[in-house]
Amino acid sequence: MPWRSQARVHMRREQGALVVTAYGDFDTDEGDLLPAAWSEAEQQALPVTVLDLSGVTFGDSSFLDALLRARLMHLAAGRRLVLVGPLQQAVITLLTVTQVLEHFDIADTLDQALGGEPLPDDGVGVSPGDGAPPP
């Protein structure tokens with residue numbers, strides 16, 4: 001039986017933003033899933049792209065590369081990229097060990113990311129005790 005990835009990416013428009021929801025393990029085999037979402041974000045040119053990572057259970061260096069490319073693309077276009085959690089421990093570890101966590105806007109909830117609630121003061125939507133470095 002051929003191997004089939006369980007990772008998925010779903011996109012939709014909500015409250016003037018592109019909401020990208022990712023599920024599963026992301027490694028080089030899923031290397032085209034997130035870049036396809038970034039192409040869609042670029043085409044729609046909405047002011048905010050929300051990336052819901054609460055369902056991502058693993059990400060390797062190719063996943064990190066996709067996140068960093070999205071961040072740069074959004075910065076260059078003057079648009080916001082907001083990651084939504086709660087982030088799984090593997091994702092927190094990846095972003096923390098590589099020292100990029102603080103470079104992303106991270107919200108605890110979709111409503112918060114869409115502007116219905118303020119982002120956490122530190123801009124990082126992870127709570128103490130879940131692997132994040134202390135403020």
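- Nearest heavy atoms, L94 versus G59: CD2-O, 3.5 Å.
- Here the closest heavy-atom approach between residue A90 and residue T57 is recorded as CB-O, 3.4 Å.
- Proximity of V56 to F63: side-chain heavy atoms (C-beta onward) are separated by under 4.5 Å at one or more points.
- Considering only residues two or more places apart in sequence or on other chains, R13 meets the salt bridge (charged side-chain N to carboxylate O under 4.0 Å, His left out) condition with none of them.
- Put simply, the side chain of F26 does not reach to within 4.5 Å of the side chain of V91, judged on heavy atoms.
- Within the 4.5 Å cutoff, side-chain heavy atoms of L87 are placed close to those of I106.
- For the residue pair S54/D52, the side-chain donor-acceptor check at 3.5 Å is satisfied.
- The closest side-chain heavy-atom distance from V84 to L51 is not below 4.5 Å.
- V100 places a side-chain heavy atom less than 4.5 Å from the side chain of L68.
- When side chains are defined from C-beta on, V50 counts as touching L110, because their heavy atoms get closer than 4.5 Å.
- When all heavy atoms of L18 and A37 are compared, the closest pair comes out as CD2-O, 4.2 Å.
- No side-chain heavy atom of M11 sits less than 4.5 Å from a side-chain heavy atom of V19.
- Counting only heavy atoms from C-beta outward, the side chains of T96 and T98 never approach each other to under 4.5 Å.
- A7 and D25 get closest at one heavy-atom pair: CB-O, 3.3 Å.
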Determine all donor-acceptor pairs shorter than 3.5 Å in which one atom belongs to a side chain in residues 40-48; sequence neighbours excluded.
| unit_1 | atom_1 | unit_2 | atom_2 | d |
| --- | --- | --- | --- | --- |
| E40 | OE2 | Q44 | NE2 | 2.6 |

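- For residues 59-71, the set of pairs meeting the salt bridge (charged side-chain N to carboxylate O under 4.0 Å, His left out) definition, not counting sequence neighbours, comprises D65-R69.
- Note: W38 and H74 have perpendicular aromatic rings, judged against thresholds of 30 and 60 degrees for the angle between ring planes.
- L95 contributes atom CG, which lies 8.0 Å from atom CG of L53 (distance to the nearest 0.5 angstrom).
- Between atom CG of residue L75 and atom NE2 of residue H103 there is a gap of 11.0 Å, rounded to the nearest 0.5 Å.
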